[in-house]
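A short worksheet on the structure shown next.
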Amino acid sequence: MTAARVGSFNDAAAELFVTPAAVSRSIKSLEDHLGCALFHRSHRQITLTKDGQYYLAHLGNVFDQIALATQNLAAQRAHRPLVVCAYPTFIIDWLIPRWSKFARESAGLELKFVTTHTHDIDFEKSGIDAAILSDRLEYAPRMSEKLFMANLVPVCSPNYLPATTLASDDDEWGHSLLHSETRPNDWRRWAEANGNMRIDPFRGQRFESSKLMYEAAIAGGGIAIGLEELLQREFSAGSLTIAFPDSKPASCPFHLIRPASTEMHPFFQPFREWLLSEVNTKREPVKAAALQPSGINDRPGFPQSAALGLSQPA
C-alpha cells in the first residue's frame, strides 16, 4: 500500500525504514505468489497495473481497519489498570495499607488487586500483569526480581502453650501444626532452619488460606506458621504470639514476577518504584502484646528493626 500511495519504491522504503531492495523483493514475491504484475515499473516511477488497482481497492479498507484496531487496542491498554496478583494475606495485611496512602497522593495511577492460592499463574490467560509471590527460587521464563526476605515463625494464641515451652519440646506440640494450602512448605522451611528433623512438617490441620489458618490459631486450634512481617496487627492486639522463645525464624524470599510485556504498561514502572521504596523503608517496631508468654522483641536473634519493617533485599 505504501509503494502504491507514494509511487516510488525508494520513497516507500524511506517511510518504512527498510531498503529499496527489500521493498522490491517483497513486492516481487507477492506478484509471484499471485501470478500477476501489480506495478508497471519505469526508471523514475511506478504505477499500478489494472490488477494492482483491483488489489489496492479491496485491501485498502482492511489495512485501515487493522490500523484502527491497533490504535484502539493501544489506547485501551494505556487506560487499563495494572493488574497485580498476590496471596490474600499479603494483599490485606501488607500491600493495601501501604498502597492506599500512596494512591491518595498519586491521582491517575490505577491498580487492580487480585488474589491467588497457587504459585502457577498464567499471566496472559488470566490478564495479570505482575505478581508478588514466594515459595520458589526461580520463576523462569518470567522476569523475576527479589523484593525482600521475610521471617517464618510459629505462632499461637498466648494461652495455648505454657510460657516455658521450647521449640525442642516437639513431643508436646508436634501434633498441633496448622497449615495453609497457599504456603504448603513453610513448616518444612522452619524445621530445617531450626535443625528439627523430628517433627513431621506436613502433619496437622489444613486451611485454604493463611488468614483461615491464623484465625484457627487465634481460636486455640493449634500452632500456625506465619510471616512475621504480616502479623503485626495480631501481635499488637495480643491475639497471637510467637510460640517458642528459642524459635529461629526461617528466611522466605518474596519476588516481583511479570512477563516482559508488562514493562510497557504505563503504570508498571511507577508501581515498581513505589514497591522498591516501601521494602527499603525502615519502620518503627510495634510493641509486643502484653499477653504473650515471651516478649517477641526479647527472643534471641530477633532484630529490633525487623519488628515491622521488612529486611533489606538480598
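Remember, predicted model here, so these are calculated numbers, not experimental data.
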If you define the side chain from C-beta out and look only at heavy atoms, does anything of [X] sit under 4.5 Å from [Y]?
X	Y	result
Asn196	Asp170	yes
Val84	Val114	no
Cys252	Asn151	no
Pro259	Phe123	yes
Ile218	Glu234	yes
Arg233	Ile92	yes
Ile91	Thr115	yes

Open item on the list: Taking the ring of Phe90 and the ring of Phe254, is the distance between their centroids below 6.0 Å?
Closed with: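 For Phe254 and Phe90, the ring centres are under 6.0 Å apart.
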
Open item on the list: Is it the case that the ring center of Phe244 lies less than 6.0 angstrom away from the ring center of Trp173?
Closed with: yes

- [ ] Classify the ring geometry between Trp99 and Phe271 as parallel (under 30°), tilted (30 to 60°) or perpendicular (over 60°).
- [x] perpendicular

Open item on the list: Under a 3.5 Å threshold, yes or no: a donor from one side chain and an acceptor from the other, between Trp190 and Ser247?
Closed with: yes

Open item on the list: One pair to check against side-chain contact (heavy atoms from CB on, under 4.5 Å): Val279 and Trp94. What are the steps and the verdict?
Closed with: CA-CA 10 Å; Val279 301; Trp94 196 92; 4.0 Å; yes

- [ ] I would like to know whether Leu82 and Glu110 meet side-chain contact (heavy atoms from CB on, under 4.5 Å); could you show each step before the answer?
- [x] CA-CA 6 Å; Leu82 181 75; Glu110 300 177 12; over 6 Å; no

Under 3.5 Å, is there a donor-acceptor pair between the side chain of [X] and the main chain of [Y]?
X	Y	result
Thr49	Ala37	yes
Ser100	Ile96	yes
Ser210	Gly226	no
Asp169	Leu166	yes
Asp200	Phe202	yes
His265	Phe267	yes
Trp187	Leu178	yes
Thr165	Leu161	no
Ser29	Arg25	no
Asp122	Lys125	yes

- [ ] Would you verify whether the NZ or CZ of Arg183 falls within 45 degrees of the ring axis of Tyr87 while also being under 6.0 Å from that six-membered ring's centre?
- [x]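 So Arg183 does make the cation-pi contact.
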
Is [Y] paired with [X] through a side-chain N to carboxylate O contact shorter than 4.0 Å?
X	Y	value
Glu181	Arg206	no
Glu215	Lys211	no
Glu228	Lys248	no
Glu263	Arg142	no
Arg258	Asp129	no

Task: Audit row: Leu227, Thr89, side-chain contact (heavy atoms from CB on, under 4.5 Å) steps and yes/no - done: CA-CA 10 Å; Leu227 292 165; Thr89 306; over 6 Å; no

Open item on the list: Which residues pass the side-chain contact (heavy atoms from CB on, under 4.5 Å) test with Leu30, not counting sequence neighbours?
Closed with: Leu34, Leu38, Tyr55

TODO: Please test Arg272 against Leu256 for side-chain contact (heavy atoms from CB on, under 4.5 Å), starting from the C-alpha separation and ending with a verdict.
DONE: CA-CA 9 Å; Arg272 176 181 174 273; Leu256 175 63; 4.1 Å; yes

